[in-house]
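Here the structure is a predicted model, which is why all the values come from computation and not from measurement. Note that the numbering runs from 1 along the sequence shown for the chain. What you see below is based on every heavy atom in this structure, not just the backbone, and it leaves out hydrogens, waters and symmetry mates.
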Amino acid sequence: MGLNMKKVIYILGILAAAAALNSCVGDLNVTPIDPNANTADKALTDQAALDSYIAGVYLGFATSGYYGPNGSPSISGLDGGASQYVRGLYHLSELTTDESVCGWNDQTIKNFHYMNWTTDDTFIYAFYSRIFMQVSAANEFIREVKKLNFDPSLQNRYMDEARVLRAIAYYHALDNFGNVPFADENSVVGVTPTQIKRADLFDWLEKELKDIIADGYLPGKNSATYGHASMGTAQFLLAKLYLNAEVYTGTARWSDCANVLKDLMSAGYSLHTASEGTFNAYQELFLADNDKCTDEIIFAVEQDGLYTQSYGVTNYIIFASTGGEMDPAQMGISSGWGGLRTTPQFYDKFVSNDARNLFYTATQTKDIDDIGEFSNGYAFMKFRNINRDGSVGKEQGFVDTDFPMMRYADVLLMAAECQARGASIEGLAAFNQVRARAGLPSVSSLSLDEILDERGRELYQECWRRSDLIRFGKFTSGYTWQWKGEVKDGRDVESYRTLFPIPDSDRLANSNLEQNPGY
């Protein structure tokens, strides 16, 4: 977040304060605040205005900018689609693993799967920039709302909501980049930020999330508004923090993770098991009307084919997963982009009767002889722009399918892992719940290898795979897949690649930043 970022961040702060514009969806579809007519203190006079204001922070996860799918993207100099937040998260979390390859020749996109990225990679810079734009938007929101004279409980609820959104961004910074620039609402605007150590950012996030939970201002499941951060969102993120604590700090926190998971497991969430129409219950979580799956989805990034148009999020996942001889109509879209497929190593983790085995194989080869050829590698059919009754989303050029960033199934699988690693929690029954929904038999014991495979089967394309492989010690070495290390049979790569580099452009702009080891 060097000097070249500060101008962008300043502008975003104004825009976030200004408006959600007409690209908000559902409960975020609100009237914008006009920055030319109002300053924040004059505009933020009622709850509707606060809804407009915080919608701008949510939009940072959902779109590339405030003016259409590629109109005036918030990060100048980068393609609006490629610089979208969830698309960037997918690049770093999925393309670097056995789950996904992309065959395009777009700049350095293949380098993610080859695991040979460099410090000046455009796509890494794009996601890094998105993260800190989200942080800055949340910081600005908190600063302005603190100044207001509202009902304290309402005022604090909105600030805690923004704090959770900021924590999500900082969690992705912690997970992907380690030692990063840091600023909160108390930082002086315009001052070049200093770098925080990974373990110190962990401590800050832990305290922040525990304070938010203790505040009690965020709504629980039964009173939460879909698409908004809730108490469950904060608890889920804290559980993820503890789940990966040994990676982030060197000290395992399995019991702490289990204790948070116990709270989540008694918060009213459940697996989505009752299907309607032609799709099974698991598939319904990834369809155009998956906003109905509030039993399981804890937090989602909302999409709408008419009002929230983006070349990222699920629009990217669905369009890029469609190509070759596939019928785009089956995916609910107008045409495919022909990019994303899976490796044979990942596909082999599924049995044929697994309800989650949602791949197109008919005219595809299982092996990937040429990573640039879409017909090489089985294609994904998990996310679709189809409603559960079989009808197509609002339109075929942009999708209605929300991105479920946090799901209860993950909570159950985290519980299983905590038990397998020695924590006191009923993880085996939780694990078997997930398998039962998939139509698979129960198991009588838990092994770490099987837990990792089950996480892959349940959560693929949801941006957890890189983090999981690192935690299980199988990301850079100990497990290979096709084209890892830029050879067809795969090879181990350098251990320092468990972290991405701090982009050169930001280090040059901010002398406080040191590069991660190895780069």
Side-chain angles (χ1 to χ4, degrees), residues 81-82 84-117 121 123-124 126-127 175-176 286 311-324 326 331 336-350 356-361 364-384 401 403-405 452-453 455-470 474-476 479-486 488 490 493 497 500:
Q84 198 280 322
Y85 193 105
V86 175
R87 183 163 167 175
L89 182 62
Y90 191 101
H91 288 160
L92 276 63
S93 302
E94 300 287 8
L95 295 184
T96 57
T97 75
D98 58 340
E99 279 190 10
S100 189
V101 302
C102 185
W104 298 335
N105 289 317
D106 291 6
Q107 299 179 78
T108 56
I109 195 70
K110 292 178 182 175
N111 289 352
F112 284 115
H113 199 75
Y114 292 156
M115 300 185 81
N116 63 359
W117 54 79
D121 188 283
F123 296 108
I124 292 175
F127 184 54
D175 186 63
N176 289 281
F286 311 102
Y311 291 119
V313 200
T314 48
N315 213 71
Y316 164 69
I317 294 173
I318 295 170
F319 275 79
S321 296
T322 308
M326 296 175 69
M331 305 293 283
W337 298 347
L340 303 177
R341 298 96 67 209
T342 196
T343 69
Q345 288 77 18
F346 187 73
Y347 181 79
D348 283 344
K349 300 183 187 304
F350 293 84
R356 305 164 299 188
N357 188 344
L358 302 173
F359 296 90
Y360 175 82
T361 63
Q364 304 289 115
T365 63
K366 185 177 178 182
D367 278 326
I368 303 173
D369 292 320
D370 181 354
I371 199 171
E373 176 56 53
F374 183 81
S375 64
N376 285 205
Y378 291 158
F380 299 102
M381 295 188 72
K382 175 174 171 174
F383 286 88
R384 303 193 198 193
T401 311
F403 180 74
M405 187 176 279
L452 178 60
D453 286 348
R455 287 189 62 80
R457 289 186 287 265
E458 178 67 28
L459 300 168
Y460 67 98
Q461 289 199 299
E462 295 176 59
C463 297
W464 297 114
R465 187 62 171 173
R466 170 189 162 275
S467 179
D468 288 346
L469 289 174
I470 291 171
K474 294 188 176 183
F475 183 62
T476 57
Y479 171 44
T480 56
W481 50 86
Q482 282 190 347
W483 296 107
K484 177 182 179 181
E486 206 173 352
K488 182 186 175 183
V493 299
R497 293 192 182 275
F500 291 99

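Contact record, Lys110 with Trp104: CE-O, 3.1 Å, taken as the closest heavy-atom pair.
The ring pair (Phe, Tyr, Trp, His ring centres under 6.0 Å) search around Phe383 returns Phe286, not counting sequence neighbours. With sequence neighbours left out, the salt bridge (Lys or Arg N to Asp or Glu O under 4.0 Å) criterion links Asp369 to Lys488. Not counting sequence neighbours, Arg384 has no partner by the salt bridge (Lys or Arg N to Asp or Glu O under 4.0 Å) test. Judged as a side chain to side chain donor-acceptor pair (under 3.5 Å), and not counting sequence neighbours, the contacts of Ser100 are Tyr90. Not counting sequence neighbours, the partners of Phe319 by the ring pair (Phe, Tyr, Trp, His ring centres under 6.0 Å) test are Trp337. Asp106 meets the salt bridge (Lys or Arg N to Asp or Glu O under 4.0 Å) test with no other residue; sequence neighbours excluded. Residues satisfying the salt bridge (Lys or Arg N to Asp or Glu O under 4.0 Å) criterion with Asp367, sequence neighbours excluded, are absent altogether. In terms of the side chain to side chain donor-acceptor pair (under 3.5 Å) criterion, residue partners of Lys382 (sequence neighbours excluded) are, by chain and number, Tyr282, Glu462. With sequence neighbours excluded, the residues that form a ring pair (Phe, Tyr, Trp, His ring centres under 6.0 Å) with Phe380 are Phe359. Scored by the side chain to side chain donor-acceptor pair (under 3.5 Å) test, Thr476 finds no partners at all (sequence neighbours excluded). Applying the side chain to side chain donor-acceptor pair (under 3.5 Å) test to Glu458 and every residue at least two apart in sequence or in another chain returns Arg356, Arg407, Arg437. With sequence neighbours excluded, the residues forming a side-chain contact (heavy atoms from CB on, under 4.5 Å) with Gln107 are Thr122, Phe123, listed by chain and number.
A salt bridge links Asp175 to Arg466: at least one charged side-chain nitrogen sits closer than 4.0 Å to a carboxylate oxygen.
To the nearest 0.5 Å, the span separating CG on Asn176 from CG on Leu89 amounts to 7.0 Å.
The shortest distance between side-chain heavy atoms of Ile318 and Thr401 falls below 4.5 Å. Side-chain contact check for Phe403 versus Cys463: some heavy-atom pair is nearer than 4.5 Å. In this structure, the side chains of Phe374 and Met326 come closer than 4.5 Å at one or more pairs of heavy atoms. Contact check for Tyr378 versus Arg341: no side-chain heavy atoms found under the 4.5 Å cut-off. For the pair Thr322/Leu340, no side-chain contact is recorded, criterion being any heavy-atom separation below 4.5 Å from C-beta on. Under the 4.5 Å side-chain criterion, counting only non-hydrogen atoms from C-beta, Val313 is not in contact with Tyr85. Contact check for His91 versus Ile109: side-chain heavy atoms found under the 4.5 Å cut-off.
Judged purely by atom type and a 3.5 angstrom limit, Thr314 has no side-chain atom pairing as donor or acceptor with the backbone of Ile317. Side chain of Arg465 to main chain of Ser93: no donor-acceptor pair is present (N/O by atom type, distance under 3.5 Å, no hydrogens or angles). No donor-acceptor distance shorter than 3.5 angstrom exists from the side chain of His113 to the backbone of Trp483, with no hydrogens or angles considered. A donor-acceptor distance shorter than 3.5 angstrom exists from the side chain of Gln345 to the backbone of Gln482, with no hydrogens or angles considered.
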- Report the C-alpha separation of Tyr316 and Val86 in whole Å, then their side-chain angles, then the decisive distance to 0.1 Å, and conclude whether the side-chain contact (heavy atoms from CB on, under 4.5 Å) test is met. CA-CA 9 Å; Tyr316 164 69; Val86 175; over 6 Å; no

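At a cut-off of 3.5 Å, with distance as the only test, no side-chain donor of Thr97 or Glu99 sits close to an acceptor on the other residue. Between the side chains of Asp98 and Thr343, no donor N or O sits under 3.5 Å from an acceptor N or O.
Of the residues listed (Thr342, Thr361, Asp348, Asn376), the one engaging Lys366 in a side chain to side chain donor-acceptor pair (under 3.5 Å) is Asp348, and it is the only one.
Aromatic ring centres of Phe500 and Trp117 lie closer together than 6.0 Å. With ring centers used as reference points, Phe350 lies under 6.0 Å from Phe346.
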